[in-house]
There are 2 protein chains.
Amino acid sequence: MENVTIRMLAERLQLSTATISKALNNSHEISEETRQRVLALAAELNYVPNPYASSLRKKASNTIAVVIPEVADSFFAEAINGIEAVAQEKGYHVLIYLSHENSQKEQTILKDFQSGRVDGVLISVTTETTATGLEQLVRDKPVVFFDRVCEEVKAAKITTDDATAAYRATTHLIAGGCRRIGLLSASRQLSISNKRAEGFQQALLDHQLPLLPNAITYCYNESAANYQLLKTAFLENDYDGIIATTEKLSTAVYEVCEALQWRIPEDLQVIGFSNLSTARFLNPSLTTITQPAFEMGKAAATLLFRALKSNNFPLQQQQEVIPSSLIARNSTLAKDK
Amino acid sequence: MENVTIRMLAERLQLSTATISKALNNSHEISEETRQRVLALAAELNYVPNPYASSLRKKASNTIAVVIPEVADSFFAEAINGIEAVAQEKGYHVLIYLSHENSQKEQTILKDFQSGRVDGVLISVTTETTATGLEQLVRDKPVVFFDRVCEEVKAAKITTDDATAAYRATTHLIAGGCRRIGLLSASRQLSISNKRAEGFQQALLDHQLPLLPNAITYCYNESAANYQLLKTAFLENDYDGIIATTEKLSTAVYEVCEALQWRIPEDLQVIGFSNLSTARFLNPSLTTITQPAFEMGKAAATLLFRALKSNNFPLQQQQEVIPSSLIARNSTLAKDK
DNA sequence: TTTATTTACTTAACCGATTAAGTAACATAG
DNA sequence: CTATGTTACTTAATCGGTTAAGTAAATAAA
């Protein structure tokens, strides 16, 4: 069975393809009667328009790209959910690209976007990303950064209150009696990592606590390597409190404590930036900084679609900070909020 | 700056567009010298081919679709990982569609595939799915079902050993002393749900245990509703062992036990079909049936690409069962494997 | 030497939609 | 009664590649 095209509809109805196209697109140039005839035949023959023909001509694909470091992370999974909810509603398609925390791969992905394959991009950069290639992308088409943004690039950004969250986390640990607090960071480059580090340091300062020489541990993207790194760091620094700034690192802390036979929270209080739905069922339940992942995805997508709809929307100036929340559980001792 | 097209390259080099196209596609018809000149200019002008022009002409999009009920589930997240790994390697693009456990939405998604937007489809159906629309899809283009397959449709399928896994889970509970075992099922229609139920019943039979009248609880897709449902079911049936056949349901059990103040495993032993990386850190650590999610995704994608490469590959006859594994932890008492 | 084949191209049709520009028929305004 | 508009179409160009078919020149085979 041949694919049904606009031309076939035209022939059957003794009309031009232009008329069919306009009828299907509800053009006012077409009489109601003709429109109905076209719609009827289209339905009867199960006509489905070829998106590529349309994209080629219109130079618009009704497709957006989502570039993230990984999917197996509650934050990104939930963010995709938020993005997809908006995209589905707007009739857009979502291409997912995983950079696997590899800026090389990310570059390759960004390069592909110069092809016009997608109308817009939502991106959360890798831990290694520098601005290279991103300015180009932002110049070329609508882009919204979310969570892991690139500070140097002037573009729309949806973030959470990273510095404040880290400040709050640190204060929470201090309130629980911690004096030797460590921070596990995913990256030296990432602005959200740096902001979290700043909030951390500011909190120590405000509470007259010294910054340990090895207060901040920069981790890898590989769990086996991190395991060794953390084990050593824990033993050398004798932390009494730790802030894990990513979900994976939160779990790693539990793993290392198990191995070292450090009790949580008696020996080490732990707070993790995590969206794990099971945080409350962990042993002990994990005090978290929970990010509004779904909302951030939704906000990012909403912003993007606004830009896609009206091209005079000043997308690059948009900034939105959605607050995270600290949920105190049993891995920390402070009783405050 | 205008977009660089093949035509522009042709004009600059005083060649025809056909030559350019062939040179870029490494056709043997083009001399090495010309090929190099074309490649050099293409690189210089940063030429990026328009995928839609190419897709339109070649009737191939180098894009596959992944249709899943949700992303916020370790199994699906990991499966995407596996799929993406293969797709990236093969130079394909991945469109993600979420059916949100809604067969209506799924239908809409499937309908879109008739447009030729994607060259192949990887799908894990909703809990409500009937065969409608799926046969059509399978007839139209390469499709591989994974995990949640549709039994009635003759098509390539990647599954795990559902019946065996449930049998093993049940036996494990029995070995731990359970006599009143319940099974939480996600669906009455899903073949994987039914297979798990079968394995469960067979194990009871083989161990001379009666099947409780309310042994199987069919759950909703909504956690608040499930919470109530399970609470009631637990109280009414006084289970001493429970098998949660999905990740979400596993967590729900912990929630309900907390509310009912039932201790795990003393009052209720729990085993869950789950790929949560935090299973071992739960309180108590959760005995799981862990599915090879990444591998299943990879296997499904590999199968699909084999079919996309050679069109005489008998895709519809492919069946692969990848074994799951039972990982005994503290939510159950049996000490076996 | 003539014919066949190979090499390295070009020409032009084509994929299936969209859309600027054109037109015939009819209505309305001046 | 002519000018102007409006309605409901059609014609043909276009988006940017790919590819079947054609060709001229060089090379090999008969």
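Side chain of B:Thr5, nearest nucleotide from D:dT10, D:dG16, D:dT19: D:dG16. Of the candidates C:dG16, C:dC9, C:dT19, C:dT19 carries the atom nearest the A:Ala18 side chain, counting heavy atoms from C-beta on. The nucleotide whose nearest atom lies closest to any side-chain atom of A:Thr34 is, among D:dC15, D:dT18, D:dC9, D:dC9. The listed nucleotides are D:dG17, D:dT10, C:dA17; the one nearest the side chain of B:Ile6 is D:dG17. Ranking C:dC9, C:dT18, D:dC9 by closeness to the A:Leu15 side chain, first place goes to D:dC9. If you check C:dA17, C:dA12, D:dG16 against the side chain of A:Ala53, the one that comes closest is C:dA17. The side chain of B:Ser31 sits closest to C:dA8 out of D:dT10, C:dA12, C:dA8. Comparing atom distances between the B:Asn25 side chain and each of C:dT10, D:dT18, D:dG16 picks out D:dT18 as nearest.
In this structure the side chain of B:Val144 reaches within 4.5 angstrom of the side chain of B:Leu122, judged on heavy atoms. Contact check for A:Ile96 versus B:Val66: no side-chain heavy atoms found under the 4.5 Å cut-off. A 4.5 Å side-chain heavy-atom check between A:Thr130 and A:Glu152 finds every atom pair outside the cut-off.
A donor N or O paired with an acceptor N or O is not found under 3.5 Å between the base of D:dT14 and the side-chain atoms of A:Lys59. For A:Lys58 against D:dT14, a side-chain-to-base donor-acceptor contact under 3.5 Å is absent.
Within residues 42-52 of chain A, the residues having any heavy atom closer than 4.0 Å to DNA chain C are, in order of number, A:Tyr47, A:Pro49, A:Asn50.
A donor-acceptor contact shorter than 3.5 Å links the side chain of B:Thr108 to the backbone of B:Gln104. Panel note: side chain B:Glu106, backbone B:Ser99; no donor-acceptor pair is recorded below 3.5 Å. Looking at A:Ser27, its side chain never comes within 3.5 Å of a backbone N or O of A:Lys22 through a donor-acceptor pair. For the pair A:Gln114 (side chain) and A:Asp140 (backbone), a donor-acceptor distance under 3.5 Å is absent. Here the side chain of A:Glu101 pairs a donor or acceptor atom with the backbone of A:Thr127 at under 3.5 angstrom.
To the nearest 0.5 angstrom, B:Thr160 atom OG1 is 7.5 Å from B:Ile322 atom CD1.
Protein atom CG of B:Leu24 is 12 Å distant from nucleotide atom C1' of D:dG16, rounded to whole Å. For the pair B:Gln36 CD and C:dA8 C1', the interatomic distance rounds to 16 Å; values are reported in whole Å. The distance between atom CE of B:Met8 and atom C1' of D:dG17, rounded to the nearest whole Å, is 15 Å. Rounded to whole Å, atom P of D:dG17 lies 12 Å from atom CG of B:Leu56. Rounded to whole angstrom, the span from the CZ atom of A:Arg35 across to the P atom of D:dT7 amounts to 16 Å. At whole-Å resolution of the value, CZ in B:Arg57 and C1' in D:dC15 are 15 Å apart. For the pair A:Glu33 CD and D:dT7 C1', the interatomic distance rounds to 14 Å; values are reported in whole Å. Taking atom NZ of B:Lys22 as the reference point, atom P of D:dT19 lies 10 Å away to the nearest angstrom.
For the helix from C:dT1-D:dA30 to C:dG30-D:dC1, the angle separating the two terminal helix axes comes to 40°, with each axis derived from five pairs and the value rounded to 10°.
An OP1 or OP2 oxygen of C:dA17 is reached within less than 4.0 angstrom by no side-chain nitrogen or oxygen of A:Ser21. At the phosphate of C:dT10, OP1 or OP2 sits under 4.0 Å from a side-chain N or O atom of B:Ser16.
Among residue pairs with one or both ends in residues 85-126 of chain B, those qualifying as ring pair (Phe, Tyr, Trp, His ring centres under 6.0 Å) are A:His93-B:Tyr97, A:Tyr97-B:His93, B:Tyr92-B:Phe305, B:Tyr97-B:Phe113; sequence neighbours excluded.
Residue B:Ile20 is the one, among A:Glu29 and B:Ile20, whose nearest nucleotide of DNA chain C lies closer to the 5' end (criterion: closest heavy atom).
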Practice problem: Apply salt bridge (Lys or Arg N to Asp or Glu O under 4.0 Å) to the pair B:Glu32 and B:Arg35, showing each step before the final yes or no. | Solution: CA-CA 5 Å; B:Glu32 183 56 23; B:Arg35 208 175 68 86; 3.3 Å; yes

